[in-house]
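Contents: one structure, followed by commentary.
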Amino acid sequence: MAQFDLSNRGTFGSKFGIIAAAAGSAIGLGNIWRFPYITGQNGGAAFLIVYLFFVFAIGIPVMLSEFVIGRATQRNPFGAFRKLAPGKPWWLVGVLGIGAAFMILAFYGAVGGWTIEYLIQSIGNTFKGKDAAELQIMFNSFLSDPVRPVIWQLLFMAITALIVLSGVEKGIERFAKVLMPVLLVIIIILDIRSVTLPGAREGLEFLFKPDFSKINASVIFEALGQAFFSLSIGMGTLITYGSYIHKKDNLANTAVIVSLADTFIAILAGIAIFPAVFAFNIAPAVEEGLVFVTLPTIFQQLPGGYFFMLLFFVLLIIAALTSSISVLEVVVAFSVEELKIPRKKATLLATAAISVLGVMCALSWGGLSEFKILGTHFFGLLNSTSTKIFLPLGGLLIVLFVGWGYGKSKVKNELSNQGDLRSRLFKLFMFLVRFIAPIAIALVFLNGLGILKF
Ligand code: TRP
């Protein structure tokens with residue numbers, strides 16, 4: 001059937017298109033919602049340094065490895081490994097990825113729902129005149145509401161499914177290209193307002209002046225998970241996106257640009273948040289609520305704040321969608337190509353199944369707050385297991401495959417577009433992929449799980 005003809009796969013229309021789409025996947029709630037509160041919980045600048053090290057030593061090599069596998073095979077992660085290593089169990093990486101996609105999209109959709117709630121509250125201007133403590137109460141009472149988090153989560157998932165249904169070029173690429181630069185501008189405006197608040201200095205020191213005594217196994221483990229999550233790696237998302245990249249595009253440049261852009265946006269989000277956290281005495285206990293308490297506070301201090309806040313939440317929702325579609329796409333591409341389910345049906349089934357888990361996440365502070373596994377509610381469980389265990393494990397296997405399993409000359413061929421490009425840094429890449437990345441991931445992993453102690 002033509003529908004399943006692999007030569008019929010979509011591709012990204014232009015070089016800027018693929019960078020925009022991959023950056024659209026990477027840049028999302030991971031940068032603006034997750035990065036600030038994880039950084040806050042893990043000691044600020046010391047965490048940031050470990051994080052940056054992981055982005056460069058592990059993140060970029062894993063991302064590039066995913067692109068190589070995806071473009072070489074033109075398949076979903078599961079099919080890609082079966083094609084490159086027939087008869088060997090590497091396809092398990094694909095299975096792991098599907099599992100991670102379910103977990104990530106479940107809690108991601110819940111947070112996507114929170115952004116919809118906050119857009120609606122912004123329209124009604126209900127934040128007006130409230131101080132940080134009152135905004136915190138407002139956030140908590142929303143989270144424990146039995147209905148609203150669920151409705152918005154389902155709406156967010158429905159929009160994600162609609163975009164995925166409209167296909168690669170029309171849906172994903174068109175979306176990603178136009179709006180991300182506008183989001184960048186608003187974040188920079190927020191940064192300027194935040195760093196000029198009285199008392200901002202302490203926040204900047206928290207973010208940039210490291211206290212190395214704060215580094216421990218759990219900080220390092222969190223930094224690795226955050227790096228994987230923020231870069232969209234370790235799950236096969238970028239294998240899937242890599243399969244849509246043109247044979248003539250430069251994979252290495254794309255990986256570096258996307259990683260830098262992602263890291264830059266996370267740091268800009270940190271610069272918006274931490275000065276304000278110190279200036280307004282925002283309690284560290286807000287955790288997952290950090291940006292939802294801090295940002296409305298800053299917007300109130302900004303001329304035209306009402307307008308900017310509206311625009312900000314619209315764009316945040318869009319940034320979240322360009323990421324959520326990339327997670328759903330992994331499950332859909334797998335179902336279409338491997339299970340031979342028509343695209344429309346696959347999208348609907350995957351969305352429905354993930355939404356069931358998602359509702360449980362959305363209710364983790366409400367109806368299901370008493371439901372705990374290993375001492376954490378469902379949201380927390382999926383959030384930390386997927387980022388700290390599934391993604392690094394997937395990443396480890398991906399670099400091992402590219403470093404040792406696939407064959408050096410094939411890797412070189414793909415990276416150089418069959419010899420068309422000079423690949424000056426190829427040796428460095430192979431060294432990172434063979435030694436540094438796998439050893440670092442394994443050590444952080446064993447140390448973080450308490451199996452090995454340093
Ligand atoms: N990186 C995205 C963010 O920061 C989330 C995301 C999209 C993701 N696709 C992924 C995370 C694949 C891990 C794997 O919001």
Side-chain angles (χ1 to χ4, degrees), residues 20-39 51 54-55 58-60 62-63 65-67 70 76-77 93-94 96-112 114-115 156-157 160 163-164 172 175-176 180 183 187 224-242 244 255 258-270 288 291 315-334 350 354 382-395 397-398:
S25 167
I27 297 165
L29 297 170
N31 309 61
I32 291 160
W33 159 72
R34 201 174 191 281
F35 174 80
Y37 90 82
I38 295 284
T39 304
Y51 175 79
F54 285 154
V55 167
I58 302 178
I60 295 177
V62 174
M63 185 181 286
S65 299
E66 291 202 26
F67 283 158
N76 69 85
V93 182
L96 204 67
I98 304 282
F102 267 76
M103 297 165 80
I104 288 177
L105 196 47
F107 78 82
Y108 206 88
V111 184
W114 304 352
T115 61
F156 183 86
M157 290 301 295
T160 302
I163 302 171
V164 168
I172 299 176
F175 239 94
M180 291 307 106
L183 180 65
I187 297 175
L224 185 71
Q226 175 62 24
F228 271 80
F229 184 76
S230 192
L231 295 170
S232 295
I233 55 177
M235 199 190 90
T237 284
L238 297 181
I239 294 182
T240 309
Y241 273 31
Y244 302 127
V258 170
S259 301
L260 288 180
D262 184 70
T263 306
F264 184 59
I265 299 271
I267 292 175
L268 287 181
E288 289 94 339
V291 291
L315 294 169
L316 183 59
I317 293 170
I318 292 166
L321 286 168
T322 58
S323 301
S324 62
I325 55 178
S326 76
V327 185
L328 186 58
E329 180 67 23
V330 170
V331 184
V332 170
F334 167 80
I354 293 167
L382 295 197
N383 184 352
S384 73
T385 319
S386 61
T387 52
K388 286 178 3 196
I389 308 219
F390 277 62
L391 298 180
L393 203 57
L397 295 169
I398 287 166

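Whatever order the structure lists ligands and atoms in, that order sets their numbers, starting from 1.
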**Prompt:** To the nearest 0.5 Å, what is the distance between CG (Leu183) and CD1 (Ile27)?
**Reply:** 8.0 Å

**Prompt:** For Gly24, does its backbone N or O pair with a side-chain atom of Ser323 as donor and acceptor, under 3.5 Å?
**Reply:** yes

**Asked** Side chain or backbone of Ser326 under 4.0 Å from ligand 1, or both, or neither, by non-hydrogen atoms?
**Response** side chain

**Request:** Measure the CG-CG distance between Asn31 and Leu268 for me, rounded to the nearest 0.5 Å.
**Result:** 10.0 Å

**Prompt:** Any luck finding a side-chain donor-acceptor pair between Ser25 and Thr237 under 3.5 Å?
**Reply:** no

**atom 12 (C) of ligand 1: the protein heavy-atom neighbour that sits closest, reported with distance to 0.1 Å** = Thr237 OG1, 3.2 Å

**Any N or O of Phe229 closer than 3.5 Å to N or O of ligand 1** = yes

**Message:** For ligand 1 and Leu29, I'd like to know whether there is a polar contact (N/O to N/O, distance under 3.5 Å).
**Reply:** yes

**Request:** May I ask you to list the atoms of ligand 1 that are less than 4.0 angstrom from any heavy atom of Val327?
**Result:** 7 (C), 9 (N), 10 (C)

**Request:** Using distance alone, determine whether Gly30 and ligand 1 share an N or O pair under 3.5 Å.
**Result:** yes

**Complete:** In ligand 1, the atoms that come under 4.0 Å of a heavy atom of Ser230 are 1 (N), 4 (O)

**Message:** Let's go through Phe334 and Val330 carefully: what are the C-alpha distance in whole Å and the side-chain angles of both, what is the deciding distance for side chain to side chain contact (heavy atoms under 4.5 Å, CB included) to 0.1 Å, and is it a yes or a no?
**Reply:** CA-CA 6 Å; Phe334 167 80; Val330 170; 5.7 Å; no

**Asked** Nearest to atom 5 (C) of ligand 1, what protein heavy atom do you find, and at what distance?
**Response** Tyr108 CE1, 3.7 Å

**Prompt:** Which ligand 1 atoms are under 4.0 Å away from a heavy-atom of Leu391?
**Reply:** 13 (C)

**Message:** So, taking the atom named CD1 in Ile239 and the one named CE in Met63, what distance separates them when rounded to the nearest 0.5 Å?
**Reply:** 12.5 Å

**Item:** Heavy-atom nearest neighbour in the protein, as seen from atom 8 (C) of ligand 1, with distance rounded to 0.1 Å
**Value:** Ser232 OG, 3.5 Å

**Prompt:** Among protein heavy atoms, which lies nearest atom 2 (C) of ligand 1, and at what distance?
**Reply:** Ser25 O, 3.1 Å

**Asked** Given that the side chain starts at C-beta and the backbone is N, CA, C, O, which of these parts of Val330 lies under 4.0 Å from ligand 1, counting heavy atoms, or is it both or neither?
**Response** neither

**Message:** Evaluate Ala26 for polar contact with ligand 1, using N/O atom pairs at a separation under 3.5 Å.
**Reply:** yes

**Request:** Indicate the ring-plane relationship of Phe107 and Phe229, choosing parallel, tilted or perpendicular according to the 30° and 60° boundaries.
**Result:** parallel

**Message:** With the threshold set at under 4.0 angstrom, would you say Trp33 reaches ligand 1 through any of its heavy atoms?
**Reply:** no

**Asked** Is the closest side-chain heavy-atom distance between Leu321 and Phe156 below 4.5 Å?
**Response** yes

**Item:** Any donor-acceptor N/O pair, Tyr108 side chain to Leu29 backbone, under 3.5 Å
**Value:** yes

**Item:** Contact atoms of ligand 1, heavy-atom distance to Met235 under 4.0 Å
**Value:** 12 (C), 14 (C)

**Message:** Checking contacts here: is it the side chain or the backbone of Thr387 that comes within 4.0 Å of ligand 1, counting heavy atoms only? Could be both or neither.
**Reply:** neither

**Item:** Met235 and Val327: CA distance, side-chain angles, deciding distance, side chain to side chain contact (heavy atoms under 4.5 Å, CB included) verdict
**Value:** CA-CA 9 Å; Met235 199 190 90; Val327 185; 3.8 Å; yes

**Message:** Any side-chain to backbone donor/acceptor pair from Gln226 onto Gly30? Under 3.5 Å, distance only.
**Reply:** yes

**Message:** Show the atoms of ligand 1 that are less than 4.0 angstrom away from any heavy atom in Ile104.
**Reply:** 13 (C)

